[in-house]
Amino acid sequence: MYRDKLGIYLNDHLAGATFGIGLAQRIAHRHRHSARSADRQRICDKIAQDRRSLIEVMDALDVPAHRYKVSGGWVAERLGRLKPSGVLYRCSGLSTLIEPETLLRLAAAAAVFPPGARSVTPDSP
């Protein structure tokens, strides 16, 4: 019973991480020529590393990744690009204000798995 709940929990985080890395990559790419581009890319890389760590933890615990949840995170990020601002092909002014906050929140959420969690084994308590 607890193993099922752990699988649900980890797969939900994997879906969120999939959403987050897509969003972070898009934001970093959009602002690649700005003065803060290195900071945005560093956050993007951190989120990607944390997603890889999550997959390693899931593998170590023999928790299978559910494709429908990973796909759902990917699709949700793509659908999030559609916005009712009337601006389809370029960034609206509001996006420029919201994106740095979103990246910081994604980086904080990705920190769920600290470095010590990467050494988890199925025999760990």
Separation of [Y] [atom2] from [X] [atom1] (nearest 0.5 Å):
X   : Y   : atom1 : atom2 : result
Q41 : I43 : CD    : CD1   : 10.0 Å
R51 : T18 : CZ    : OG1   : 3.5 Å
L79 : W74 : CG    : CH2   : 9.0 Å
H13 : M58 : NE2   : CE    : 11.0 Å

**OP:** For the residue pair D50 and I21, establish whether any side-chain heavy-atom pair is separated by less than 4.5 Å.
**Re:** no
**OP:** State, yes or no, whether a side-chain contact exists between D59 and I55 at a heavy-atom distance under 4.5 Å.
**Re:**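 Side chain of D59 against side chain of I55, heavy atoms only: contact under 4.5 Å found.
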Original post:
Counting heavy atoms not belonging to R78, are there more than 12 under 6.0 Å from its CZ?
Top reply: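 Enclosed: over 12 neighbouring heavy atoms sit under 6.0 Å from CZ of R78.
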Subject >> side-chain contact (heavy atoms from CB on, under 4.5 Å) evaluation trace for I8 with D12 >> reply: CA-CA 6 Å; I8 291 168; D12 286 351; 3.7 Å; yes
Original post:
Would R40 and I27 count as a side-chain contact (heavy atoms from CB on, under 4.5 Å) if you check the C-alpha gap in whole Å, the side-chain angles of each, and the deciding distance to 0.1 Å?
Top reply: CA-CA 8 Å; R40 288 183 174 104; I27 292 169; 4.2 Å; yes
**OP:** Would you check if there is a donor-acceptor pair between the side chains of R26 and H29 at a distance under 3.5 Å?
**Re:** no
Original post:
What are the two closest non-hydrogen atoms of N11 and P64, and how far apart are they?
Top reply: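 For N11 and P64, the tightest heavy-atom pair comes out as ND2-O, 3.0 Å.
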Original post:
Is the shortest distance from a Lys or Arg side-chain nitrogen in D45 or R42 to a carboxylate oxygen in the other one below 4.0 Å?
Top reply: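 Salt bridge flag = no for R42 with D45.
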